[in-house]
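Step one of this worksheet: look at the structure below.
Throughout, protein chains are lettered first and strands after them, A, B, ... in sequence-line order, and every chain is numbered starting at 1.
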2 protein chains.
Amino acid sequence: MTDKLTLDEIAKRAGVSRTTASRVLNDGPNVRPEVRERVQRVIAETGYRPHPVAQSLASQQSHVIGLVLPRRTEALFNDPYFPRLTQGIAQACNDHDYTLALFLMQTEADEEKFYPRISRKGLLDGIVIQVGQIGDGLIARLLTSDVPTVVAGRPLNHPNASYVDVDNVAGACAGVTHLLQLGHNRIGMLTGDMRTTAALDRYTGYCEALQAHDLPVDETLVSEGYFTEIGGYEAMQRLLPHKPDAIFSASDAMALGALRAIYEAGLTVPHDIALVSFDDLPPATIARPQLTTVHQPVDAFGVKAVEMLLDVMKNGPTPPRRIIMDTKLVIRQSCGAVS
Amino acid sequence: MTDKLTLDEIAKRAGVSRTTASRVLNDGPNVRPEVRERVQRVIAETGYRPHPVAQSLASQQSHVIGLVLPRRTEALFNDPYFPRLTQGIAQACNDHDYTLALFLMQTEADEEKFYPRISRKGLLDGIVIQVGQIGDGLIARLLTSDVPTVVAGRPLNHPNASYVDVDNVAGACAGVTHLLQLGHNRIGMLTGDMRTTAALDRYTGYCEALQAHDLPVDETLVSEGYFTEIGGYEAMQRLLPHKPDAIFSASDAMALGALRAIYEAGLTVPHDIALVSFDDLPPATIARPQLTTVHQPVDAFGVKAVEMLLDVMKNGPTPPRRIIMDTKLVIRQSCGAVS
DNA sequence: GTAGGAATTGGAAGCGCTTCCAAAACTGTG
DNA sequence: CACAGTTTTGGAAGCGCTTCCAATTCCTAC
């Protein structure tokens, strides 16, 4: 009785051709209202749902977008940034009726295994790839593949890449300038992983702010560490002997670690050391004192990335698109400007 | 010249039929070694990669697994638990050559939009769904759909569901028993969201431990809150007036909030209040003092869920599978047992 | 040298849908 | 009422692969 429910079956029951049934299914034009309604009723009655894979094959688009997170495991899911980014992208996909496929490339073997699958037209209509470490070849490969790709974060040496990024330079500059204006002049920096453009750019912003105030960059006050609590903790420990009077941290998570190191040294924030960081994610308001931090719009970032991808998918990769999103300094307690 | 690279084209170039080419592609049997090699060489030379969607349609399996996280946004990506779970599941998918599709159902509209797509055989070969709040209808719908489904966490009122969970009752019981053995007798609990089985089960474990020591459960010492830092903070504030001498927290994140509330009240951990929590995720070692906590194997949990799903996909949903994973109490500073 | 069985091969029928294109059915105009 | 133009319809050709099954080839044993 209940034959396998295919579009053919629907067409038969509604007394139309499969072509017409397909038109109704996809809200296509050129169907008499009366016929359309009849087909719709049959669809509703039978609970018919089209086979997504068959649709994909015939229409040559899968309605699936891939999010590729390259290997850089240290911070990947410790830093609240990535979950948040993922969430933003997932939401944007939902809103645009795309399904999100997640590729966590944890090892090189993973990359080799999945590259053939995802770089080929078919499975994915488009790819959002998060920038990883500088020199990571995956971006280059994906950018030259058949699949439309946009990059989340600024990729190095890919002039034709479309990407969205936040203005890390200006954001960091604003954060450091704030500390300068509060009268600090031994401002240290916790940079994050310098193999990433985010760290590089924030460091550039730090330098620019100092130079704008005619201060030299003292390399002994600059300390690198992963973008994690532990990374910040260790980097801060290395910095303490050089007696900074303020710290700019490249992320909230690192700032948490820095706070810990500072307290363990018997110092307090903001009294002995003022602190400004970057992100404005949950750790910023959980910390005590609450963090003065450069807010970056992570959710909107994900949304923009997806929208840019949709644009590239529709209109081709040229010209390369660029979106640099603004940041905003959020003043709380850790800088000492307010109590 | 370069015709579209299909299996037909490969077959032609290798001088075999498409059938044979397909056999080589899928490492099927019954191909003469010499022929196999010839086809493989053509594949390698041309860089041919099969069209995944066409394979899916023909073979009736997509090699895609869906991870569904139902709406419960408060904690979803603040609690480090979910990112970690996602990571474990993603890794397991990679290892088994499955692609992971992520469904974050943030609104009811999202559910309605995606339910038809995912509940229909085709897009997904199987689903791992994280339990949400009790009474959430999504699990029920998915369990009766065409798609093999396993649940991460214990679902309520679904006797036929296959699921994997950690032994929340025993874990909580062990944590509380530890506090009892240290001589505490006004042990409070921060339960987490009582609309989840995890919170209920941990609460049950708490009660069991008390009862085993002939202590009554004092409801004024039990405080509910979301599974987040803020949730723990607020729940702890409500508890402080009742002067507990120890706290069992249903999650590390909540314990962080509890610590904050305790310090703000001018008390110290473990001196004034001993603290044991649940999870053993990064917050546990970041906190000061470090948290004594009930370790749950989140990564392995994801792996088990995927493996169970693969089993259900292969051998059918009956009988329902159950895996309850062991926890282990990790003793650090917050309980006062060691310094 | 030949029968019987196993290993190898390819033809052809799908998988369930979209879409091109030509045919059929209307519309209005002179 | 015929005709050109517009809508509406359905036939049929794919999309790129898997897989059933029958045909062919290859062995081995007698």
Margin query: What I want to check is whether an N or O donor and acceptor connect the side chain of Thr19(A) with the base of dT19(C) at under 3.5 Å.
Written below: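 Answer yes: a donor N or O sits under 3.5 Å from an acceptor.
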Item checked: Under 3.5 Å donor-acceptor pair, Ser22(B) side-chain atoms to dT19(D) base atoms ->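 By the distance-only test, no, there is no pair.
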d([atom1], [X]; [atom2], [N]) in whole Å:
X	N	atom1	atom2	value
Leu123(A)	dC15(D)	CG	C1'	15 Å
Gln61(B)	dC17(D)	CD	P	16 Å
Arg120(B)	dC15(C)	CZ	P	13 Å
Arg18(B)	dG11(C)	CZ	C1'	10 Å
Asp8(B)	dC17(D)	CG	C1'	9 Å
Glu9(B)	dC17(D)	CD	C1'	15 Å
Gln55(A)	dT18(C)	CD	P	5 Å
Leu7(B)	dC17(D)	CG	C1'	7 Å

Note to self: Any salt bridge linking Arg120(A) with Asp146(A)? Criterion: basic side-chain nitrogen under 4.0 Å from a carboxylate oxygen.
What the structure shows: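 Looking at Asp146(A) together with Arg120(A), the answer is no, because their closest N to O distance does not fall below 4.0 Å.
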Next item on the list: Establish, with yes or no, whether the OP1 or OP2 oxygen of dT19(D) is under 4.0 angstrom from a side-chain nitrogen or oxygen of Gln60(B).
Entry: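 Negative; the distance criterion is not met.
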Check: dT9(D) phosphate, OP1 or OP2: any side-chain N/O from Thr20(A) under 4.0 angstrom?
Finding: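 Negative; the distance criterion is not met.
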Next item on the list: Could you grab the distance from atom CD of Glu111(B) to atom CD of Glu108(B), nearest 0.5 Å is fine?
Entry: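 If we round to the nearest 0.5 Å, Glu111(B):CD and Glu108(B):CD are 6.0 Å apart.
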Check: Atom NZ of Lys304(B) and atom CG of Asp299(B): how far apart are they, to the nearest 0.5 Å?
Finding: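 If I round to the nearest 0.5 Å, the distance is 13.0 Å.
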Notebook entry, point to check: Parallel, tilted or perpendicular: which fits the ring planes of Phe114(B) and Phe103(B), with parallel below 30° and perpendicular above 60°?
Noted result: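 Aromatic pair Phe114(B)/Phe103(B) classed perpendicular.
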Check: Which residues, if any, of residues 23-48 of chain B bring a heavy atom under 4.0 Å of DNA chain C?
Finding: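 Result for residues 23-48 of chain B: Arg23(B), Asn30(B), Val31(B), Arg32(B), Val35(B), sorted by number.
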Notebook entry, point to check: If you check every side-chain atom of Thr6(A), which of dC15(C), dT9(C), dG16(C) has the closest atom?
Noted result: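 Nearest nucleotide to the side chain: dG16(C).
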Notebook entry, point to check: Which is it for Lys314(A) and Glu307(A) under the salt bridge (Lys or Arg N to Asp or Glu O under 4.0 Å) test, yes or no, and what are the steps along the way?
Noted result: CA-CA 11 Å; Lys314(A) 194 171 163 197; Glu307(A) 286 173 353; over 6 Å; no
Note to self: Can a donor-acceptor pair be found, under 3.5 Å and without considering hydrogens, that links the side chain of Arg18(B) to the backbone of Ala11(B)?
What the structure shows: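 Not at all, since once roles are kept as given, no pair shorter than 3.5 Å links the two residues.
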Margin query: As a test of understanding, state which of Val64(B), Ile89(B), Val128(B) forms a side chain to side chain contact (heavy atoms under 4.5 Å, CB included) with Leu100(B).
Written below: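 That would be Ile89(B); it is the only one of Val64(B), Ile89(B), Val128(B) passing the side chain to side chain contact (heavy atoms under 4.5 Å, CB included) with Leu100(B).
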